[in-house]
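Written out below as structure tokens is the structure these notes cover.
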Amino acid sequence: MEKRKIKLIAQNKKAFFDFFIEETFQTGIELHGTEVKSLRSGKCNLKDSFIKIEKGEAFILNMHISPYEFGNIFNKDPIRKRKLLLHKKEINRLFGATTKDSFTIVPTKIYFNGSYVKLDIALAKGKKIHDKRRDIAQKDIKREAAREFKQKID
């Protein structure tokens, strides 16, 4: 079996800063032709997007895919609601986690897996302000350590 080439399109760094990521899922996404062409040129933003489950189906809202510049009448609304392709068991599990365990479903990254567009979503719990401050402090410590290590080498 051949291994498919993975090409990252966009990553939601804000999700990792605002949430504790508990579990991730790989999903397909229902797109139109001009949207795929726009994704090939890397024009996607996941920053304010979120996942909502309605009537047993999962949708991603507020994901911005810029209109394809040569798409004319075939272009769709850049922030339209898009259906996620998940198994019924996965949708039920995500719905249960959001209703009784107070989890949130956030998109973490979108990428090409071969010729298919895939979206990674995550079950996440929101961070408090002190958790965010702790993360910032840890990043600063790592950055300082890396800087000192680089100076010792030179």
Exercise. Can you tell me how far the CD1 atom of Ile21 sits from the NZ atom of Lys127, to the nearest 0.5 Å?
Worked result: 8.5 Å
Problem set entry | NZ or CZ of Lys125 within 45° of Phe19 ring axis and under 6.0 Å | no
Problem set entry | cation_pi(Arg82, Phe59) dist<6.0 Å, angle<=45 | no
Exercise. Should the pair Arg134-Asp131 be classified as a salt bridge under the 4.0 Å nitrogen-to-oxygen rule?
Worked result: yes
Problem set entry | Lys118 to Tyr116, cation-pi by 6.0 Å centre distance and 45° axis angle | yes
Problem set entry | Results of salt bridge (charged side-chain N to carboxylate O under 4.0 Å, His left out) for Glu90 - residues two or more places apart only | none
Problem set entry | Test: Glu23 and Arg93 ion pair at under 4.0 Å | yes
Exercise. For Gly42 and Ile9, which heavy atoms make the closest approach, and how far apart are they?
Worked result: CA-CG2, 4.1 Å
Exercise. Any salt bridge between Glu148 and Arg143, counting N to O under 4.0 Å?
Worked result: no
Problem set entry | Identified side chain to side chain contact (heavy atoms under 4.5 Å, CB included) counterpart of Lys81 within the set Glu54, Met63, Lys52 | Glu54
For this session: May I ask you to test the Ser49-Leu61 pair for a side-chain heavy-atom distance under 4.5 Å?
Result: no
Exercise. Can you tell me if NZ on Lys7 sees more than 12 non-hydrogen neighbours from other groups inside 6.0 Å?
Worked result: yes
Exercise. Out of curiosity, Tyr111 OH to Asp120 CG, how far, rounded to the nearest 0.5 Å?
Worked result: 4.0 Å
Exercise. With respect to Leu94, which candidate in Leu84, Ile121, Ile51 satisfies the side chain to side chain contact (heavy atoms under 4.5 Å, CB included) definition?
Worked result: Ile121
Problem set entry | Atom pair NZ/CG of Lys109 and Leu46 - distance to nearest 0.5 Å | 11.5 Å
Exercise. Taking atom CD of Gln11 and atom SG of Cys44, what is their separation to the nearest 0.5 Å?
Worked result: 12.0 Å
